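Below: the structure, in structure tokens.
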Amino acid sequence: MKKGVSIFILIPFLLFYALPVGAIEKEERKWQDESIYFLMVDRFNNGDSNNDYEVDVKDPKAYHGGDFKGIADKLDYIKDMGFTAIWLTPVFDNESKGYHGYWIKDFYNTEEHFGTIEEFKSLVKEAHKRDMKVILDFVVNHVGYNHEWLNDPEKNEWFHEKQDIQNWENQTDLENGWIYGLPDLNQENPEVKNYLIDAAKWWIKETDIDGFRLDTVKHVSKDFWTEFSKEVKSEKEDFYLLGEVWSDSPEYIAQYEETGIDGFVDYPLNDFLRPAFAKPDQSLSWLFTSWDRNKSIYENPYLMGTFMDNHDTVRFTRDAISQNQHPGPRWKLALTYLYTSPGIPIMYYGSEIALDGGNDPDNRRQMDFRTDKELIDYITKLGEVRQQLPSLTRGTMELIKEDNGFAVYKRQFEDETAIVAINNTTESQKAVIDSDVLEDGKELQGMLAGDLVSSKDGSYTLILDREEAEVYVLKEKTGLNIPYIVSIAAVYTAFMIFIYLIWKRSKNRNAKKE
């Protein structure tokens with residue numbers, strides 16, 4: 001009898017969890033739904049001391065010991081923050097002190113400081129087990145300073161003539177000149193072109209990676225990129241190409257869309273992002289102007305990679321400190337915008353602990369995992385909200401209000417509406433949203449801080465404290481769920497009847513025994 005009673009006690013709880021909760025069926029995952037954690041392999045985490053030779057953590061230009069095993073050990077750490085993909089700096093065998101990966105010696109081998117090709121494959125498999133994608137930095141513009149090809153007479157035509165870029169506004173100079181003295185590959189040579197494309201395809205087939213971040217795109221001809229894109233995408237469905245075209249002109253960057261590159265690191269947006277959030281009371285209007293511009297220029301602006309800083313820039317934390325600001329609130333507001341605006345947010349390792357750093361190599365400091373979790377917890381919450389609301393990754397964006405750092409905007413996708421409010425000012429702010437913008441008779445449920453705003457007299461009034469943000473989702477007003485209450489009451493009634501019958505039956509048996 002005890003077993004029967006236990007089962008019936010569970011019925012109400014099972015019924016509760018079986019009832020629909022109103023969640024929309026998740027659509028097929030797209031690249032614009034991802035959020036990327038970008039890490040420098042050598043500076044992230046040392047998981048295997050066996051490859052620690054020529055390591056000097058006190059030398060910012062030497063190897064520090066980070067490796068594939070170290071990344072694999074921290075995949076759960078990255079996933080728990082809500083990231084769905086990782087982007088790694090180049091993992092190819094490099095010349096001495098090529099800790100960053102960009103002085104390639106061998107396109108078909110891994111850097112021995114990082115681990116073996118088998119360990120890299122294992123890393124990719126472990127990431128895929130966690131439903132995380134892996135993007136690998138791929139370089140086709142140049143090789144290391146002392147590459148063996150330079151001394152091979154049969155490969156004289158593999159390089160452009162040795163000369164620095166004289167005119168950075170001249171496309172021919174950009175594509176043929178040697179950057180920082182690095183030997184510039186001649187992709188017009190069929191042997192070079194085929195070698196690079198074959199190597200790229202080999203990494204896809206051999207390791208099952210999911211995308212390439214393409215280095216120095218504007219320094220290589222569009223003809224090469226067109227063939228490269230076609231060939232590598234033939235190896236794996238939905239393979240993503242993220243191009244680095246370092247320019248402040250969206251029109252210039254957009255030229256490379258025709259080559260088949262999917263998205264680009266959005267440097268023009270970054271030019272507005274950093275000053276907008278480095279200190280309070282700065283206008284955010286240019287961020288929305290930038291989005292309107294992207295819509296009109298790019299074929300798919302949702303595939304642009306948005307970011308605050310990276311391995312080539314000063315850390316955003318330094319921006320905040322230089323303005324005498326505490327970096328924590330600066331990062332929270334900036335990341336709120338990245339996570340709730342169109343594009344794929346890319347966060348550089350260490351941002352979750354507000355890691356400081358100046359120019360290269362100071363912006364590539366060793367990661368420290370022993371820190372306060374406040375910012376990490378906030379990023380985790382942002383990641384949850386972004387994954388829960390398709391409107392944040394696929395929706396339209398409409399600016400409702402912007403007043404010197406206080407911005408309210410609407411994201412809408414199908415029947416879902418989200419409202420994002422960012423108060424990057426030194427005072428509490430209020431915004432009134434009328435029924436011509438937001439459907440009346442409902443309520444806005446806060447996803448970050450739990451704020452709840454009901455419509456009143458045909459409008460919604462949002463009040464935010466200084467340097468705070470909230471992401472609201474429009475819902476039906478909370479009320480009594482009559483069908484649910486009736487179903488629960490029916491279950492408990494049946495349960496009590498069952499108990500009564502069992503009790504009565506037991507009593508009759510005892511009476512017969514007496």
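Predicted, not measured: the structure shown is a model, and the values here were computed from it. All residue numbers in this chain count up from 1 along the given sequence. What's counted below: heavy atoms across the whole structure, side chains too, no hydrogens, waters or symmetry copies.
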Taking atom types as modelled, find out whether [X] and [Y] have a side-chain donor-acceptor pair closer than 3.5 angstrom.
X: Ser285; Y: Ser283; value: yes
X: Asn109; Y: Asp106; value: yes
X: Thr317; Y: Trp331; value: yes
X: Thr396; Y: Gln412; value: no
X: Tyr102; Y: Asp137; value: yes

Would you call [X] and [Y] a salt bridge, taking side-chain N to carboxylate O under 4.0 Å as the test?
X: Arg29; Y: Asp131; result: yes
X: Asp198; Y: Lys201; result: no
X: Arg213; Y: Asp215; result: yes
X: Lys373; Y: Asp377; result: yes
X: Lys218; Y: Glu244; result: no
X: Arg318; Y: Asp362; result: yes
X: Asp360; Y: Lys61; result: no
X: Lys105; Y: Glu111; result: no
X: Lys381; Y: Glu384; result: yes

Are the side chain of [X] and the backbone N or O of [Y] linked by a donor-acceptor pair below 3.5 Å?
X: Glu206; Y: Ile204; value: no
X: Asp73; Y: Gly47; value: no
X: Tyr302; Y: Gly395; value: yes
X: Asn363; Y: Arg315; value: no
X: Glu126; Y: Lys129; value: no
X: Thr110; Y: Gly115; value: yes
X: Glu416; Y: Ser391; value: yes
X: Glu235; Y: Val232; value: no
X: Asn294; Y: Pro301; value: no
X: Asn176; Y: His160; value: no

| task | Identify, with sequence neighbours excluded, every residue that meets side chain to side chain donor-acceptor pair (under 3.5 Å) alongside Tyr77. | result |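 In terms of side chain to side chain donor-acceptor pair (under 3.5 Å), with neighbours along the sequence ignored, Tyr77 is linked to Glu352.
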| request: Report the residues that fulfil side chain to side chain donor-acceptor pair (under 3.5 Å) with Asp76, sequence neighbours left out, ordered by chain and then residue number. | output: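 In terms of side chain to side chain donor-acceptor pair (under 3.5 Å), with neighbours along the sequence ignored, Asp76 is linked to Arg130.
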Between [Y] and [X], is there a side-chain heavy-atom distance shorter than 4.5 Å?
X: Met347; Y: Leu335; answer: yes
X: Met308; Y: Leu273; answer: yes
X: Tyr252; Y: Gln171; answer: yes
X: His64; Y: Arg43; answer: yes
X: Leu214; Y: Trp225; answer: yes
X: Phe272; Y: Phe277; answer: no
X: Val143; Y: Leu182; answer: no
X: Leu174; Y: Trp168; answer: yes

Is [X] atom [atom1] crowded by more than 12 heavy atoms from other residues, nucleotides or ligands, each under 6.0 Å away?
X: His326; atom1: NE2; answer: no
X: Glu154; atom1: CD; answer: no
X: Lys230; atom1: NZ; answer: no
X: Tyr53; atom1: OH; answer: yes
X: Glu157; atom1: CD; answer: no
X: Gln255; atom1: CD; answer: yes

Minimum-distance pair of heavy atoms, taken over all atoms of [X] and [Y]:
X: Gly98; Y: Trp103; value: CA-CE3, 3.8 Å
X: Tyr409; Y: Thr336; value: OH-O, 4.3 Å
X: Glu28; Y: Asp33; value: O-OD2, 4.1 Å
X: Asp312; Y: Trp246; value: CB-CZ3, 3.5 Å
X: Ala254; Y: Ile297; value: CB-CG2, 3.4 Å
X: Leu303; Y: Trp31; value: CD2-CB, 3.9 Å

| said: Out of the candidates Asn46, Asn45, Asp48, Leu123, only one should pair with Lys69 under the side chain to side chain contact (heavy atoms under 4.5 Å, CB included) rule; please name it. | reply: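 Result: among Asn46, Asn45, Asp48, Leu123, Asp48 is the only option passing the side chain to side chain contact (heavy atoms under 4.5 Å, CB included) with Lys69.
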| Can Lys222 be said to sit on top of Tyr256's aromatic six-ring, NZ or CZ under 6.0 Å from centre and within 45° of the ring axis? |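 Yes, Lys222 lies over the aromatic ring of Tyr256.
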| Relative to Tyr378, does Lys332 satisfy both conditions: NZ or CZ under 6.0 angstrom from the six-membered ring centre, and within 45 degrees of the ring's axis? |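 The answer is yes, since Lys332 meets both limits relative to Tyr378.
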Does the ring center of [X] lie less than 6.0 Å from the ring center of [Y]?
X: Trp87; Y: Tyr37; answer: no
X: Phe44; Y: Phe369; answer: yes
X: Trp203; Y: Phe120; answer: yes
X: His142; Y: Trp158; answer: no

Measure the [atom1]-[atom2] distance between [X] and [Y] for me, rounded to the nearest 0.5 Å.
X: Met304; Y: Ser341; atom1: CE; atom2: OG; result: 12.0 Å
X: Asn424; Y: Asn404; atom1: CG; atom2: CG; result: 10.5 Å
X: Asn50; Y: Asp67; atom1: CG; atom2: CG; result: 9.5 Å

| task | Check Asp59, Asp42, Asp56 against Lys97 for a salt bridge (charged side-chain N to carboxylate O under 4.0 Å, His left out) and give me the one that passes. | result |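 Of the listed options, the one satisfying the test is Asp59.
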Under 30°, 30 to 60°, or over 60°: which ring-plane class applies to [X] and [Y], parallel, tilted or perpendicular?
X: Tyr63; Y: Tyr99; result: perpendicular
X: Trp178; Y: Phe159; result: tilted
X: His147; Y: Trp149; result: tilted
X: Phe138; Y: Phe228; result: tilted

| message | Among residues at least two apart in sequence or on other chains, which ones pass side-chain contact (heavy atoms from CB on, under 4.5 Å) with Asp319? | response |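 Here the qualifying residues are Arg274, Ala278, Val314, Phe316.
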